[in-house]
Amino acid sequence: MENKRIVVKIGTSTLAHPSGLLNIRRVEELCRVLSDLKNAGHEIILVSSGAIGMGAGKLSLPHRPEDTPTKQAAAAVGQCELMYTYDKAFAEYNHTVAQILLTAADVDHPDRFQNFHNTMRRLLDLKALPIINENDTVATEEMGIGDNDTLAAVVAVSMEADLLILLSDIDGLYTADPHTHPEATLIAEIPALTREIWELAGGSGSSLGTGGMSTKLQAADICTQAGCDMVIANGSSPSVLYDIADGKPVGSRFCGKKG
């Protein structure tokens with residue numbers, strides 16, 4: 001198995017129960033599999049959603065907050081919970097985690113982004129496992145470049161990753177919305193982002209696709225243009241990461257442009 005630099009993005013719906021509280025079994029399995037892949041020689045970077053949702057759960061809010069101050073308060077609580085959980089879980093396998101919180105300004109400002117890049121390189125040199133999230137406690141809007149799918153793609157390209165894996169609550173890209181078209185089939189490999197592929201997600205400018213597929217295609221566009229492969233897969237069983245790292249057909253793989 002060829003060693004790779006792999007960025008894994010995990011969404012809130014995969015990390016937490018509908019209550020907002022942590023899905024302990026799934027998170028423990030995720031950390032075990034990522035630790036094992038790291039032991040096998042891969043470099044792992046984790047982009048994790050979930051701070052606001054977990055904070056809302058810990059604060060016993062009746063639902064996910066909608067106003068900015070409460071979102072930021074929930075994020076402040078949730079980040080503690082999230083990193084405590086990751087630190088404890090990865091420590092069981094003798095891996096050290098590092099937290100990096102980003103805002104749109106960090107990505108857009110060349111000097112700050114270079115500082116981020118330098119820090120990431122050093123963390124990987126030191127065999128740490130970086131965990132990245134948007135800094136929801138100070139950000140007043142979503143990342144200027146998109147959401148955490150796009151953030152993960154920017155991180156993957158910046159770090160010259162071989163592969164970006166988006167773990168979500170969907171199996172991949174289908175020929176139609178599987179919720180309304182039961183005959184829809186999964187597209188296992190996408191060699192190019194054609195107009196037809198964009199239309200499957202509701203178009204490149206759509207805020208909604210099939211399960212937020214539009215932002216995932218935007219992430220795929222960023223990655224593949226830079227020669228990085230990207231896979232969308234269902235995160236309900238994190239052990240699929242083994243097969244994805246081995247290049248086996250899981251979910252939908254977007255092929256990076258070579259040369």
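D162 is linked by a side chain to side chain donor-acceptor pair (under 3.5 Å) to nothing, counting only residues two or more places apart in sequence or in another chain.
Side-chain contact between L217 and T215 is absent, with no heavy atoms from C-beta onward closer than 4.5 Å. At least one side-chain heavy atom of L186 sits less than 4.5 Å from a side-chain heavy atom of S252. A heavy-atom distance below 4.5 Å is found between the side chains of M159 and L124. The closest side-chain heavy-atom distance from I187 to T175 is below 4.5 Å. Residues I170 and N234 fail the side-chain proximity criterion, which asks for heavy atoms closer than 4.5 Å. With contacts defined as side-chain heavy-atom distances shorter than 4.5 Å, the pair K38/L129 qualifies. When side chains are defined from C-beta on, L15 counts as touching L82, because their heavy atoms get closer than 4.5 Å. A heavy-atom distance below 4.5 Å is found between the side chains of L101 and Q79.
Within the 3.5 Å criterion, the main-chain N or O of G172 finds no donor-acceptor partner in the side chain of K216. Under the 3.5 Å distance criterion, the side-chain polar atoms of K4 are left unmatched by any main-chain donor or acceptor of L163. When atom types are taken as modelled, the side chain of S158 and the backbone of V154 share no donor-acceptor pair closer than 3.5 angstrom.
Evaluation of the salt bridge (Lys or Arg N to Asp or Glu O under 4.0 Å) test over residues 223-233, restricted to residues two or more places apart or in two chains, returns D229-R253, D229-K258. Sorted by first and then second residue, the pairs that involve residues 75-115 and meet ring-ring contact (aromatic ring centres under 6.0 Å, His included), not counting sequence neighbours, are F113-F116.
Considering L37, L34, V231, L166 as possible partners of V8, the one that fulfils the side-chain contact (heavy atoms from CB on, under 4.5 Å) test is L34.
For the residue pair A219 and M230, the shortest heavy atom distance occurs at C-SD, 3.8 Å. What you find for I10 and L46 is that their closest heavy atoms are CG2-CD1, 4.1 Å. In this structure, S237 and E29 approach most closely via the heavy-atom pair OG-OE2, 4.0 Å.
Side-chain polar atoms of N148 and N133 form a donor-acceptor pair below 3.5 angstrom.
A 6.0 Å sphere centred on CD of E66 holds no more than 12 heavy atoms belonging to other residues, nucleotides or ligands.
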